[in-house]
Amino acid sequence: MHLTHELELFPDLAVTQMLFKDVRNAAELRQCAVEGKINGALINPTMLVHPFQVLVAANKAVNLHKVGKMKTRSLNSEIIFNLLPTNNISEAFKRFGCSDGDDSVLVVLVHNKDESLLLSDITARVSGRQVPVEEVSSLTDHGKIRKLFKVTQEEEKCGTLLDAVVCRMAIKDVI
Amino acid sequence: MAQEKSMAVPEFLSKAELIKQGAEARVYRAQFLGKPTIVKERFRKRYRHPVLDEKLTHRRTVQEVRSILRCRRAGISVPVVYFVDYTSHCIFLEDVVGSSTVRDHIASTQQSDSCKELVRLAQRVGQILSKMHDEDVIHGDLTTSNMLLRCGLEDGESELFLIDFGLSYISALPEDKGVDLYVLEKAFLSTHPNTEALFERLLKSYAASSKKSSAVLKKLDEVRLRGRKRSMVG
């Protein structure tokens with residue numbers, strides 16, 4: 001169900017994503033993440049077009065973490081920050097972070113490749129139904145994303161919405 | 001830690017396939033986040049003062065990705081940027097899989113002389129360039145090698161990509177746009193002999209596609225008489 005992808009730039013690290021639907025304890029989960037009981041980022045999946053979007057954010061976060069140029073205080077918050085096309089940290093949490101009333105959540109974990117991940121620890125904490133990560137596309141709120149990323153109709157003629165989103169995420173620090 | 005810091009990208013590139021090296025950058029092909037990717041690395045120029053080198057390289061990297069986004073916003077097909085590393089000055093771009101350069105395409109089509117198709121291609125190029133200039137993006141290095149053609153999936157219509165925005169900048173001046181076209185004309189006619197008529201078609205479609213084109217083409221005539229550089233100094 002979960003999706004693990006190795007980071008080619010950091011061969012000893014990998015990113016694992018898990019998607020949950022019908023979540024009833026989002027507030028509690030958020031609290032766990034704030035307290036560090038969940039060492040991962042909790043993301044609102046309606047703002048995601050594709051799991052690749054999360055990979056791009058995680059890769060960038062790890063890179064900035066390694067060179068000590070993160071804008072936020074932790075790797076997990078940096079992942080959430082990188083998902084936003086602009087440079088406002090609190091807006092990033094509002095848009096892409098998990099909120100108390102959410103009924104779906106995507107958990108992102110950055111971990112050592114050989115480390116045996118305690119995925120069961122996460123599944124135990126979430127009271128909800130785990131579904132394949134690819135299903136994130138069925139939750140996507142396209143209208144909201146188009147508005148937030150300011151994607152024009154013209155642009156979608158030459159590429160997908162995912163292309164447009166990834167491009168803006170990748171170069172947001174120089175716009 | 002300090003050592004480990006900036007080694008991630010260079011180490012990654014040491015295993016990647018080097019496909020081209022120019023004066024300004026090296027281009028690699030690799031797999032990145034599961035996608036076929038082109039990496040453009042601007043290397044250090046040891047003959048330049050380190051501070052100046054850093055500044056120029058950084059600015060060109062930034063310029064390149066900005067122009068790419070500007071073009072995409074206007075609906076011009078340009079490779080997607082996946083990741084930029086400002087410490088090693090690398091841009092990770094979408095690899096346009098299954099594409100060939102317009103240069104190769106013209107060369108091979110010229111031999112089998114299917115003129116009609118080339119005229120259509122020239123018209124498309126003209127349209128896209130006028131769209132780009134309407135966004136005030138000056139490419140700076142227009143050649144037929146910096147245009148890619150990818151065969152269309154369904155309708156048979158192939159997609160035209162512009163690449164290599166390394167020398168691009170933003171300007172609304174007809175002068176700059178005229179020089180941009182002049183550079184293309186020089187490159188076009190020297191790589192493809194006996195294509196004056198074809199280039200004429202390109203310019204015609206450029207003229208028809210934009211309201212601002214007449215000023216640009218007037219400038220192009222001026223530039224032809226005097227060459228690319230305006231001032232005769234330096």
Side-chain angles (χ1 to χ4, degrees), chain A residues 3-15 17 49-71 82 85 110 133-134 146 149-175, chain B residues 1-13 15-16 30-37 39 58-88 90-94 96 128 131 134-135 150 159-162:
Chain A
L3 183 74
T4 299
H5 200 287
E6 195 183 303
L7 293 177
E8 291 91 340
L9 283 182
F10 313 95
D12 43 340
L13 293 180
V15 178
Q17 304 181 46
V49 188
H50 191 275
F52 182 66
Q53 200 179 334
V54 176
L55 271 183
V56 170
N59 174 73
K60 188 172 170 184
V62 172
N63 185 54
L64 293 178
H65 180 68
K66 295 261 183 204
V67 295
K69 284 193 174 162
M70 289 205 300
K71 297 271 167 52
N82 284 341
V110 177
V133 177
E134 289 73 21
R146 283 196 185 98
F149 284 82
K150 300 198 176 81
V151 181
T152 58
Q153 275 185 339
E154 278 299 302
E155 183 166 354
E156 282 189 71
K157 275 185 210 157
C158 75
T160 61
L161 182 59
L162 177 66
D163 290 341
V165 165
V166 165
C167 231
R168 282 169 178 74
M169 284 167 51
I171 60 187
K172 72 166 180 175
D173 19 26
V174 292
I175 296 179
Chain B
M1 189 69 198
Q3 267 300 314
E4 193 200 357
K5 260 185 189 177
S6 49
M7 285 316 287
V9 175
E11 230 161 71
F12 173 74
L13 291 181
K15 284 174 218 134
Q31 203 72 8
F32 174 71
L33 301 179
K35 301 221 181 211
T37 302
V39 186
H58 182 78
R59 191 157 56 202
R60 286 181 187 164
T61 310
V62 168
Q63 204 72 264
E64 178 160 5
V65 290
R66 273 190 194 146
S67 300
I68 288 177
L69 182 64
R70 215 174 163 120
C71 282
R72 287 196 66 88
R73 274 211 198 103
I76 301 166
S77 293
V78 176
V80 182
V81 182
Y82 291 145
F83 174 61
V84 189
D85 181 28
Y86 300 101
T87 43
S88 61
C90 287
I91 305 178
F92 290 63
L93 295 155
E94 167 192 12
V96 184
I128 289 178
K131 208 183 208 177
D134 275 353
E135 295 298 315
R150 181 170 64 183
E159 203 178 347
L160 187 65
F161 282 80
L162 294 182

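So that the names make sense, note that chain A is the first sequence line, chain B the second, and so on, each numbered from 1.
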Side-chain atoms of residues 164-171 of chain A: list all donor-acceptor pairs with protein atoms under 3.5 Å, sequence neighbours left out, distances to 0.1 Å.
residue: A:Arg168; atom: NE; partner: A:Phe149; partner atom: O; Å: 2.7
residue: A:Arg168; atom: NH1; partner: A:Glu155; partner atom: OE1; Å: 3.3
residue: A:Arg168; atom: NH1; partner: A:Glu155; partner atom: OE2; Å: 3.0
residue: A:Arg168; atom: NH1; partner: A:Ala164; partner atom: O; Å: 3.1
residue: A:Arg168; atom: NH2; partner: A:Lys150; partner atom: O; Å: 3.3
residue: A:Arg168; atom: NH2; partner: A:Glu155; partner atom: OE1; Å: 2.8

> Hey, which of A:Leu7, A:Val151, A:Asp173 has the most heavy atom pairs under 4.5 Å with chain B?
Replying inline: A:Asp173
> With a cut-off of under 6.0 Å to the ring centre and 45° to the axis, is B:Lys35 in cation-pi contact with A:Phe52?
Replying inline: yes
> Can you name the residues that form a ring pair (Phe, Tyr, Trp, His ring centres under 6.0 Å) with B:Tyr86, not counting sequence neighbours?
Replying inline: B:His58
>> Out of the candidates A:Val56, A:Leu55, A:Val49, only one should pair with A:Gln53 under the side-chain contact (heavy atoms from CB on, under 4.5 Å) rule; please name it.
In response: A:Val49
>> Please identify, among B:Lys15, B:Arg66, B:Glu11, the residue contributing the most non-hydrogen atom pairs under 4.5 Å to chain A.
In response: B:Arg66
> What part of A:Lys157 gets closer than 4.5 Å to chain B, counting heavy atoms only: side chain, backbone, both or neither?
Replying inline: neither
> Side-chain contact, heavy-atom cut-off 4.5 Å: B:Val81 with B:Glu64?
Replying inline: no
> Contact part of B:Phe161 toward chain A, heavy-atom cut-off under 4.5 Å: side chain, backbone, both or neither?
Replying inline: neither
> Side chain, backbone, both or neither: which part of B:Ile91 has a non-hydrogen atom closer than 4.5 Å to chain A?
Replying inline: neither
